[in-house]
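Here is the structure we will look at.
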Amino acid sequence: GNSVTQMEGPVTLSEEAFLTINCTYTATGYPSLFWYVQYPGEGLQLLLKATKADDKGSNKGFEATYRKETTSFHLEKGSVQVSDSAVYFCALGWETGANNLFFGTGTRLTVIP
Amino acid sequence: ETGVTQTPRHLVMGMTNKKSLKCEQHLGHNAMYWYKQSAKKPLELMFVYNFKEQTENNSVPSRFSPECPNSSHLFLHLHTLQPEDSALYLCASSQRTSGNEQFFGPGTRLTVL
């Protein structure tokens, strides 16, 4: 079946630290991969995505590379800010066919000044 | 209004009450979704509507009843809920052919007493 496993939080970092949030997936075929972010009191927003192997998604200084060989899509940012504090969700879905998204449990990030 | 809106933002109800959650999308999308977000669990997909037709019901109890009168509006009717149904209920929409990027509303925080 389809599933996403991401590192459990919470993660607490100092401002300007390097961030990695691990995400691995199980799927039949070649899904699209997503990172969504949820700020306090808000719904989820798409942060970045990649649709095929070796693609790199990037947005707002965040990056993730679709690694088919390790079935991973780890999220990274070189220098986090307090405003990055949020919950981050890894997800997989399909370009065609069923339009479900499969989400991980989310990782809460807190950045302290 | 822009994006995906949900009302009410907060709802407290007793187990014998009947209430409805409303979702409206202003993006011209043709697919809409209900998700349940509980602490420390992956987002649970509840219902999917494509072109106003329900295409997915993930074994959701009958005390949750969705309604999609047109492609812009989605309702979730609630009756005789249980305390374990307390959660954040998120609505999302997407364009069926756009590679599954879903846009989320801010959610309704539901508390069942």
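Worth saying up front: this structure is predicted, and the values here are computed from it rather than measured. Reminder, nothing fancy here: chain letters follow the sequence lines and each chain counts from 1.
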Taking the side chain as every heavy atom from C-beta outward, state whether [X] and [Y] have any pair of such atoms under 4.5 Å apart.
| X | Y | value |
| --- | --- | --- |
| B:Gln37 | A:Phe89 | yes |
| B:Leu45 | A:Phe102 | no |
| A:Leu44 | B:Leu90 | yes |
| B:Leu88 | A:Gln38 | yes |

Checklist entry - Same cluster or not: are B:Val48 and B:Leu43 linked, directly or through other Ile, Leu, Val, Met, Phe, Trp or Tyr residues, by side-chain heavy atoms under 4.5 angstrom apart? => result yes
For [X], does the [atom1] atom have more than 12 heavy-atom neighbours from other residues, nucleotides or ligands under 6.0 Å away?
| X | atom1 | result |
| --- | --- | --- |
| A:Tyr30 | OH | no |
| B:Glu67 | CD | yes |
| B:Arg63 | CZ | yes |
| A:Glu42 | CD | yes |

Checklist entry - Within the side chain of B:Arg109, is there an N or O that forms a donor-acceptor pair under 3.5 Å with the backbone of A:Gly41? => result no
Next on the checklist: If we ignore hydrogens and angles and just use 3.5 Å, is the side chain of A:Tyr36 paired with the main-chain N or O of B:Gln102 as donor and acceptor?
Outcome noted: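 Present.
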Item to check | A:Thr51 side, atom OG1; B:Glu101 side, atom CD - distance, nearest 0.5 Å | outcome: 12.0 Å
Item to check | disulfide (SG to SG under 2.5 Å) partners of residues 28-85 of chain A, not counting sequence neighbours, each pair once | outcome: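 Listed by first then second residue: nothing to list.
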